[in-house]
Amino acid sequence: MKKYSIILLCFVISLIVIGHHSYQASGQTTYMYPNLPAPIGKQPVLITSAGQTVEGGIVQKLAQQLHLDAEYRPRALATDLYEYETLVIVAGYSYNGLLHKNRKLAQEKERIVELMKEAEAEQVPVVIFDLDVQYRDYEESWEFLAMTLPYADYFIGKKHEIPPQNLMDMIQDYKVKSTFANEIEDMKTPFNSVFR
Amino acid sequence: MKQQTHPFWGTLGIVLVFYGMLIPALTMDWSMYIYEEIDRSLIEEDSGKLLVTAFAYISRNVLMFSMIFFGTLFLTRYFVKNSSTVRFQIVYAILSLMAVWALNFLYAEYYAYLPQLLTIGFILLFSTYLPQQRYFALTFLVLLILTTTSLQWLNLIPSLSHYGFGTNDLAVSLKTVDEFLTDHNLFSTIALVFFLIFFIIALIFTTLIHLFNKQIATLKLYQAQGKELQRTRNDLIESKVYQEMHTLVHDLKTPLVAIEGLLSLMEMKVKADDHKSKSYFSRINQSVVKMKEMISDILYEDIRKEIPVEELLDYVMSHLNTDDLPIDFEVHIDEAVPPLYVNKIRFSRAISNVLENSMIYLHDRGGKIKVDVTNQANRTCIRIEDNGPGIDQANLVHIWQEGFSTKNSSGIGLPFVKRVIESHSGSIEVSSEPGSYTITTITIPQHSRKEAIG
């Protein structure tokens with residue numbers, strides 16, 4: 001029996017971790033508005049990524065399905081904003097995404113800060129997308145959310161069984177209108193409500 | 001099982017862990033290919049391409065974690081001698097988790113600890129059933145690859161994401177795109193199927209290796225039992241032969257007595273001046289007396305009598321077939337050596353056995369056998385040296401065991417020699433240098449006739 005003690009310990013710790021996650025997942029339900037009551041943005045739309053995840057491409061696909069006049073430019077700069085009426089930011093950190101775009105984290109942060117400042121100066125409405133922050137629960141992902149949410153007019157995210165407290169605090173502090181959808185497909189409705 | 005803690009194992013472990021850690025940096029093109037293919041499958045809305053990308057992702061992770069966990073095995077072997085102890089498992093688990101932590105520290109890919117912890121748990125569980133033998137590292141590697149492959153697929157099962165599986169960048173990207181393209185249907189089934197397939201293969205592999213090892217162990221046991229049975233049978237046969245020989249020798253006494261009596265009658269009838277016939281009768285009588293003595297020596301082991309060393313050695317040499325052998329015999333006897341007080345027949349057989357052992361190995365290649373008899377502080381020392389192939393140190397400790405032989409003989413020669421020498425209150429030692437010489441030294445105490453009678 002003694003020779004199995006460490007093996008059992010490994011399995012028990014694994015079960016504790018799984019149990020901890022499932023306990024977290026069985027919390028209260030938060031009710032949100034299904035979409036905006038009136039449009040806040042106009043077309044053309046600039047879609048860009050804050051953190052270079054592949055999810056930027058998914059939001060572009062959603063925009064295509066909604067027949068929006070949108071362009072996906074993952075490395076868009078503040079100077080590019082002049083030709084767009086709405087800014088959509090897809091937040092989330094990707095280590096490989098930054099490597100692929102040959103960018104450093106500091107450069108990416110600087111780009112987002114400049115873009116946010118320009119959006120505020122030009123009074124361009126900002127929509128933040130979060131497709132999987134519950135799985136990309138990285139320090140860098142939260143940094144990007146913290147950098148973009150103060151300038152956001154609308155937040156569309158994936159529904160959490162129990163929403164992350166810091167996300168809810170930021171949404172409340174910056175008085176950002178928000179909608180949480182069960183699935184990516186369901187995000188089309190609130191996204192459409194931004195423009196129509 | 002005790003392992004050697006040679007620095008080679010430690011070095012190999014460090015090299016493997018080091019290169020395992022470098023995999024994300026060394027295979028950056030591979031990571032970029034995975035990232036691009038995820039992006040492309042999204043643009044083309046091609047779930048087949050996404051599945052192929054998932055295989056590339058799993059292969060990269062298996063290569064990386066197998067190298068790290070295999071490296072930590074060697075590192076643990078360097079630190080802990082006995083691989084079947086709990087201490088070994090603790091050190092292995094700690095080193096492996098430390099390596100995963102270092103990986104997350106070096107690269108911000110955020111690999112989940114849960115699948116790695118389960119991999120460590122299962123690999124330790126499976127390895128307890130692996131034989132701790134020559135090919136342990138190889139079987140461990142195969143099992144490690146199977147287990148890692150199986151558990152890496154858990155990272156792509158979307159429903160397990162809530163429980164801490166698949167938190168790293170590429171796994172999340174794959175699962176998010178899968179949700180958009182197939183509503184999680186692709187990875188929910190495929191990843192589960194591949195997890196089960198590889199896990200069952202790992203289970204079957206462990207069971208087969210375990211059963212094979214058990215079969216080998218049983219076979220070895222049967223072989224040992226067979227050998228023991230054969231030895232007992234030989235002992236029994238030997239004992240029966242000895243008993244029959246004893247009876248036969250005993251029965252020889254009756255015709256000898258008849259011969260002796262009839263000879264004395266016939267001698268009485270010989271004319272007083274027939275000196276030639278009288279001389280013949282005298283010689284026949286002497287032979288009969290000698291034969292009676294020999295019979296007594298065989299029948300009664302305790303019988304001792306004084307015999308000069310030269311006479312004993314002549315008697316031994318006359319019974320050895322040394323004709324036409326390319327062996328030089330050199331005999332040297334100190335003048336001061338008193339007569340030996342021994343059982344002539346048994347002691348001669350003992351000396352013959354030692355000489356025959358030397359002769360067997362010199363039979364073909366030729367050589368020299370030197371017999372030195374010296375006087376050493378009231379003890380007589382008989383030193384027999386040959387320049388034959390010698391005896392390995394590993395075999396030297398077993399030569400006194402009955403049944404032990406390196407030349408397919410009965411293996412009872414040297415134990416008999418030892419028994420005879422010890423029954424004469426003497427001692428025997430064998431020293432040897434493989435490829436050079438073998439020296440057998442027999443020492444027996446010298447008895448005065450008075451002591452012997454006493």
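Each chain gets a letter, A, B and so on, in the order its sequence line appears, and its residues count up from 1.
- Inter-residue side-chain proximity for Phe195(A) and Gln43(A) is flagged as met; some heavy-atom pair is nearer than 4.5 Å.
- For residues 144-152 of chain A, heavy-atom neighbours of chain B at less than 4.5 Å comprise no residues at all.
- Relative ring orientation between Phe191(A) and Phe129(A) is described as perpendicular, the plane-to-plane angle rising above 60° on a 0-90° scale split at 30° and 60°.
- Chain A forms the most heavy-atom pairs under 4.5 Å with one residue out of Leu117(B), Leu124(B), Asp39(B), and that residue is Leu117(B).
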May I have the step-by-step check of side chain to side chain contact (heavy atoms under 4.5 Å, CB included) for Tyr110(B) and Glu140(A), ending in yes or no? CA-CA 11 Å; Tyr110(B) 298 101; Glu140(A) 294 87 345; 2.5 Å; yes

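- Note on Ile120(B), Thr128(B), Leu125(B): by heavy-atom pairs under 4.5 Å with chain A, the leading option is Leu125(B).
- Within residues 45-77 of chain A, the residues having any heavy atom under 4.5 Å from a heavy atom of chain B are, by residue number, Gln52(A), Thr53(A), Val54(A), Glu55(A), Gly57(A), Ile58(A), Lys61(A), Leu62(A), Gln65(A).
- Using a 4.5 Å cut-off between heavy atoms, Asn168(B) touches chain A through its backbone atoms (N, CA, C, O) alone.
- Between Tyr78(B) and Trp9(B), the gap from one ring centroid to the other reaches at least 6.0 Å.
- By number of non-hydrogen pairs under 4.5 angstrom with chain A, the leading residue of Val177(B), Leu181(B), Thr167(B), Leu42(B) is Leu42(B).
- Top candidate by heavy-atom pairs under 4.5 Å with chain A, chosen from Leu97(B), Leu160(B), Asp183(B), is Asp183(B).
- For Tyr113(B), no part sits under 4.5 Å from any heavy atom of chain A, backbone or side chain.
- Of the listed residues (Glu183(A), Glu185(A), Lys158(A)), the greatest number of heavy-atom pairs within a distance under 4.5 Å of chain B belongs to Glu183(A).
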